[in-house]
Amino acid sequence: SRPAEAILVIAGGAGALARGFSRFVGREGEVIEVDVMAAILEGGRERLIDKGATGNMEVVQAGAQALPVKGSSVDCISIAFGLRNVTDKALALRSMLRVLRPGGRLLVLEFSKPTSALLGKVYDQYSFQILPAMGRLIAQDADSYRYLAESIRKHPDQETLLGMMEDAGFGECRYHNMTGGVVALHQGFKP
């Protein structure tokens, strides 16, 4: 990202990422935060107002599958830990490609598939046994933590997501594994 760019943050949650981008792109830039959950957006909007970072920001309630943004108008799209919750990922990727300017880039940070079999077994035990138990003890909500584990397991692995991005029309696609593949950062560009 560079100053004066237009950045779209999808499923930005509490708004921390959007705030960081807002400071980076400066007064000449623009940050649009999109989330399907109105309550999350409202909380993020209030935090933005508290931090005084609303001058170059817009907050919009919408899903990733039908982005309410003009075609070829955005330099960069960021979606962190949100793509696994999108029902039609292929449609969402095409929607993202549509709004990017030629040369614009998509960054997807998401839980992925551990690269070692041993780490995979440990991670599965953590995800499906320890995480829901912690949710039950701490938040009295094992179901949400069980859903988190299931949504991670159903999400495409690194190579599959890379192929989906290429099928949607992105070029120069690649990914970088973090924490042994538990999390991966995918990147692609609009030709």
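Under the 4.5 Å side-chain criterion, counting only non-hydrogen atoms from C-beta, Val9 is in contact with Ile7. Side-chain contact between Met96 and Ile79 is present, with heavy atoms from C-beta onward closer than 4.5 Å. For the pair Tyr175/Leu161, no side-chain contact is recorded, criterion being any heavy-atom separation below 4.5 Å from C-beta on. Contact annotation: the side chain of Glu58 approaches that of Glu30 to within less than 4.5 Å [non-hydrogen atoms, C-beta and beyond]. In this structure the side chain of Val183 reaches within 4.5 angstrom of the side chain of Phe81, judged on heavy atoms. At a threshold of 4.5 Å between non-hydrogen side-chain atoms, the residues Met165 and Leu93 count as touching.
To the nearest 0.5 Å, atom CZ of residue Phe24 and atom CD of residue Glu5 are 7.5 Å apart. How far OG of Ser73 is from CG of Leu100: 8.5 Å, rounded to the nearest 0.5 Å.
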Working note: Arg105 + Gln187, criterion side chain to side chain contact (heavy atoms under 4.5 Å, CB included); need CA distance, chi angles, decisive distance, verdict. CA-CA 7 Å; Arg105 96 179 145 265; Gln187 178 174 263; 3.5 Å; yes
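When atom types are taken as modelled, the side chain of Thr115 and the backbone of Gly180 share a donor-acceptor pair closer than 3.5 angstrom.
Remark: Asp157 engages Lys113, Glu159, Thr160 in a side chain to side chain contact (heavy atoms under 4.5 Å, CB included) (not counting sequence neighbours).
The nearest pair of heavy atoms linking Met164 to Pro156 is SD-CG, 3.7 Å. Nearest heavy-atom pair across Leu67 and Arg98 is O-NH2, 2.7 Å.
Counting only residues at least two apart or in different chains, salt bridge (Lys or Arg N to Asp or Glu O under 4.0 Å) contacts with residues 88-97 are absent.
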